[in-house]
Amino acid sequence: MNTSLALSLARRVCVAAALTLAAGVAHAHEGHGAHGLAAGLAHPFAGVDHLLAMIAVGVWSAAALRGAQRLAGPAWFLLALLAGAFVGVQTGAGVYIEAGVALSVALFGVLLLARRQLPAVAGLALVAAAGALHGVAHGAEWAAGTSFTGYAAGFMLGSALLHAAGLAAGAALARVPAWVWRVQAAGLGAAGLFMFASRL
């Protein structure tokens with residue numbers, strides 16, 4: 001990859017990080033009572049925290065895992081997401097879950113910096129833990145008395161689409177200079193920490 005393209009990618013990452021920081025107080029959970037397939041599908045896209053984390057799962061999986069194992073990151077996240085959603089339906093989210101969701105974004109920045117230096121099993125465990133936190137937040141948004149199945153199908157599909165985008169982005173980022181990778185990972189981590197601080 002030539003230098004001008006690498007610089008262009010770095011600029012995009014910096015702009016994305018700046019926009020994320022500017023929107024740091026915007027939560028994915030602005031209101032309660034989400035219901036139906038469409039609401040579930042939109043939910044992962046509605047908040048910067050969910051959007052960044054779910055794309056990061058795909059990026060990390062593409063960079064840290066090999067071959068068919070690359071699907072393990074999204075798969076574990078989605079399984080934990082669904083399990084967490086059932087918990088969220090019963091318990092609600094609360095400020096600690098919201099802070100945890102933001103902190104998961106910072107965690108993914110660390111995972112991206114580590115890439116293959118961290119054992120795959122440890123990385124997948126962290127991905128699953130993050131998925132459970134995001135699931136609790138999703139489940140807490142469900143409108144009681146409406147179809148949870150439709151809502152869950154929507155947020156699972158939306159999350160899978162973001163994971164797929166992350167896998168594609170991760171494959172592309174594998175060809176950029178190492179410093180570009182470090183910049184985007186650090187930007188993601190900083191955005192997560194900013195959102196985390198705004199929720200305490």
Side-chain angles (χ1 to χ4, degrees), residues 1-21 24 44 48-81 83-84 96-97 99-137 159-197 199:
M1 177 171 290
N2 61 41
T3 304
S4 63
L5 184 53
L7 289 172
S8 174
L9 279 171
R11 278 195 298 270
R12 289 179 187 174
V13 168
C14 291
V15 169
L19 290 173
T20 299
L21 291 173
V48 175
D49 49 5
H50 288 317
L51 190 69
L52 289 177
M54 293 181 198
I55 290 174
V57 169
V59 173
W60 175 81
S61 297
L65 305 175
R66 299 182 187 278
Q69 284 187 334
R70 290 177 177 162
L71 296 178
W76 278 106
F77 188 98
L78 290 171
L79 286 171
L81 183 74
Y96 296 111
I97 293 298
V101 166
L103 193 59
S104 74
V105 177
L107 171 70
F108 284 125
V110 174
L111 281 179
L112 291 180
L113 282 173
R115 283 201 272 186
R116 294 193 179 103
Q117 297 171 17
L118 185 72
V121 172
L124 288 170
L126 292 172
V127 165
L133 285 172
H134 285 260
V136 172
S159 300
L161 290 172
L162 289 171
H163 292 328
L167 284 166
L173 285 168
R175 297 188 290 272
V176 303
W179 69 267
V180 176
W181 181 275
R182 289 193 292 269
V183 166
Q184 61 89 25
L188 181 67
L193 289 175
F194 185 86
M195 288 186 285
F196 173 71
R199 298 178 187 189

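With a 6.0 Å radius and a threshold of 12 heavy atoms from other residues, nucleotides or ligands, Trp76 has its CH2 atom at or below the threshold.
Side-chain contact between Arg115 and Trp60 is absent, with no heavy atoms from C-beta onward closer than 4.5 Å. Using a 4.5 Å cut-off on side-chain heavy atoms (C-beta onward), Leu167 and Val57 make no contact. Considering only heavy atoms from C-beta on, Leu126 stays 4.5 Å or farther from Phe108 through its side chain. Residues Leu81 and Ser159 form a side-chain contact, since some pair of their non-hydrogen atoms from C-beta on lies under 4.5 Å apart. Between Arg199 and Asp49 the shortest side-chain heavy-atom distance falls below 4.5 Å.
Ring orientation note: the planes of Phe77 and His163 are nearly perpendicular, at an angle over 60° on the 30°/60° scale.
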For Leu133 and Val136: C-alpha separation, side-chain torsions, deciding distance, then whether side-chain contact (heavy atoms from CB on, under 4.5 Å) applies. CA-CA 5 Å; Leu133 285 172; Val136 172; 5.9 Å; no

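Here the closest heavy-atom approach between residue Leu112 and residue Ala56 is recorded as CD2-O, 4.3 Å. In terms of heavy-atom proximity, Val101 sits nearest to His134 at CG1-CE1, 3.5 Å. Ala171 approaches Ala62 most closely through the heavy-atom pair N-CB, 3.9 Å.
Of the inter-residue distances, the one linking Met195 atom CE with Ser104 atom OG reads 8.0 Å to the nearest 0.5 angstrom.
Considering Leu52, Val59, Leu113 in turn, Leu52 is the only one that fulfils the side chain to side chain contact (heavy atoms under 4.5 Å, CB included) rule with Leu188.
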